[in-house]
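Taking it in order: structure first as structure tokens, then the write-up.
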Protein chains: 2
Amino acid sequence: MAPRQSPAKEKLIGAAVKVVREKGFNATSVDDLCREAGVTKGAFFHHFPTKVDLGIAAAGAWKLHANELFGTAPYMAHEDPLDRILGYLAFRRDMLDGPIAEFTCLVGTMVQESYDSQPSLRAACQDSIWDHALTLVDDIEAARKRHGVTGDWTAESLALHTQAVLQGAFILAKAADDPQAARDTADHLIRYVRMLFNLPVIRSEGEHHG
Amino acid sequence: MAPRQSPAKEKLIGAAVKVVREKGFNATSVDDLCREAGVTKGAFFHHFPTKVDLGIAAAGAWKLHANELFGTAPYMAHEDPLDRILGYLAFRRDMLDGPIAEFTCLVGTMVQESYDSQPSLRAACQDSIWDHALTLVDDIEAARKRHGVTGDWTAESLALHTQAVLQGAFILAKAADDPQAARDTADHLIRYVRMLFNLPVIRSEGEHHG
DNA sequence: ACTCGCAAACCGACCAGTTGGTATGTTTTA
DNA sequence: TAAAACATACCAACTGGTCGGTTTGCGAGT
């Protein structure tokens, strides 16, 4: 077990994950974060030297959250690695049926605001994205072997591609204030992966013709 | 011809496109924009009631810029609409070889910061993304007919999917501070479109095995 | 051609509110 | 009993935005 953190620190990280995901990093003030966490500024700067440091901690917490959420999801019980991959993608697609604020990515939001001005926060966001993406690599490679699929691509690039598509889907959902386009783009991703592995492309429920 | 705008207004819009793309909308102050444009605050608020209104104007200018850039690109001369689509995707992939600040998307950046708090700016970003995506729809539909491709997807959803993948690619590039992952994801997108249209999947130059 | 009138363009000092961060405490806990 | 945790008052810098004023472009009248 990880050593128990002090309540204020935990609460601040939780507040950052929640508020930054809604408003963005720069639009969220230290006072906002303290208010949301029910904590004073003194506590804030006792635990974090700067606001950016809380962002970095939030990115780390986000990574743990993702590992927990996707590492213990039901589809992980599938014996065939390809079923685990397709289960993962279906799971992520189905998340897009909920409210926008509940499926978007904290670090995808933060990295756009920090990449040019806050190298340490940018690096924490990269670590979070890459760490999650790389959890898919072993299954992709195993699925390739098991199903005899070669193709001119690497498992790592496909793993990162899934993350890119999802990040892009979040942007479409935010832009339209509607997750429909995000669901459609997730369906395209699923169709792509099925084609790569020579599976029949099944009728998806998410798209409407007309 | 559009009526000539006043110099300060043009300069401010140009400054917004440049600086916001680098730093993000919230991290860019009105003074930053005035400095970059070589204009005073008085001029700023003469032309734009608020900072958000400049953001909206910048989104509009970005849309015109995209229409100009992609509407007159060489690949548009291809007779087969499928060649135009593949030409577009190759063009966008090749843009990813330059510096990060030169291929990222202004409105994709702004929408993440505005969707929850600035509905009018969010709407302007959506308009810019959708307008550009929809320029692909006619060619996709024509290519489908010409090449006898049916498939369980709409032209509009595929057009939006290309934009989602590119937006996601920008996020990967920013996160890694390196465009390699973005290039790889663009290669996956090209491979997907080729597979949808039953074309042989050619060896791409962007990915490395190992 | 000249100049008058006037609106649009532009300027820069100024403002009140907010920002991230600090200094100096008091309380809790091991 | 000392250190870690937390609280409060405070600050200088900066924020988006305002305001009264000056300059510029330009059509009309002569």
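FYI, side chains are in, hydrogens and waters are out, and symmetry mates aren't considered; it's all heavy atoms of this structure. Sequence lines set the chain letters: A, B, ... in the order given, protein chains first and strands last, and positions in each chain run from 1.
- Where A/Thr50 and B/Ala43 each meet DNA chain C at their nearest nucleotide, the meeting point lying more 5' is that of B/Ala43.
- In the set D/dC6, D/dG17, C/dG21, D/dC6 carries the atom at the smallest distance from any side-chain atom of A/Pro7.
- When the side-chain nitrogen and oxygen atoms of B/His46 are compared with OP1 and OP2 of C/dA9, one or more of them lie within a distance under 4.0 Å.
- Rounding to whole angstrom units, NZ of residue A/Lys41 and C1' of D/dA12 are separated by 12 Å.
- Distance CZ (B/Arg35) to P (D/dG16): 11 Å, rounded to an integer number of Å.
- As rounded to whole Å, 8 Å separates atom P of D/dG16 from atom CG of B/Leu33.
- In summary, the aromatic rings of A/Phe91 and A/His78 are positioned with their centroids too far apart to meet the 6.0 Å limit.
- For the pair B/His47 and C/dC10, the criterion of a side-chain N or O lying under 4.0 Å from OP1 or OP2 is met.
- Atom pair B/Phe44:CZ and C/dA13:C1' shows a separation of 18 Å (rounding to whole Å applied).
- The side chain of A/Lys51 contributes an N or O atom lying less than 4.0 Å from OP1 or OP2 of C/dG20.
- Between B/Lys9 atom NZ and D/dG25 atom P the separation is 18 Å, expressed in whole Å.
- Because its NZ or CZ atom is both nearer than 6.0 Å to the ring centre of B/Trp153 and within 45° of the ring axis, B/Arg144 counts as a cation-pi partner of that residue.
- In this structure, B/Leu12 places its CG atom 14 Å from P of D/dG17, rounding to the nearest Å.
- A/Phe45 has its CZ atom 18 Å from the C1' atom of C/dG25, to the nearest Å.
- The salt bridge (Lys or Arg N to Asp or Glu O under 4.0 Å) pairs that include a residue from residues 24-43 of chain B are B/Lys18-B/Glu36, B/Lys23-B/Asp32, B/Asp31-B/Lys41, B/Asp32-B/Arg35, where partners are two or more places apart or lie in different chains.
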**Item:** side-chain hydrogen bond (donor to acceptor under 3.5 Å, both in side chains) evaluation trace for A/Arg122 with A/Gln118
**Value:** CA-CA 6 Å; A/Arg122 190 227 91 228; A/Gln118 297 290 351; over 6 Å; no
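- Rounded to the nearest 0.5 Å, atoms NE2 (B/His132) and CD1 (B/Ile129) are 10.0 Å apart.
- To the nearest angstrom, C1' of C/dT18 lies 14 Å from CG of A/Asn26.
- Here A/Thr40 lies in heavy-atom contact (under 4.0 Å) with a base.
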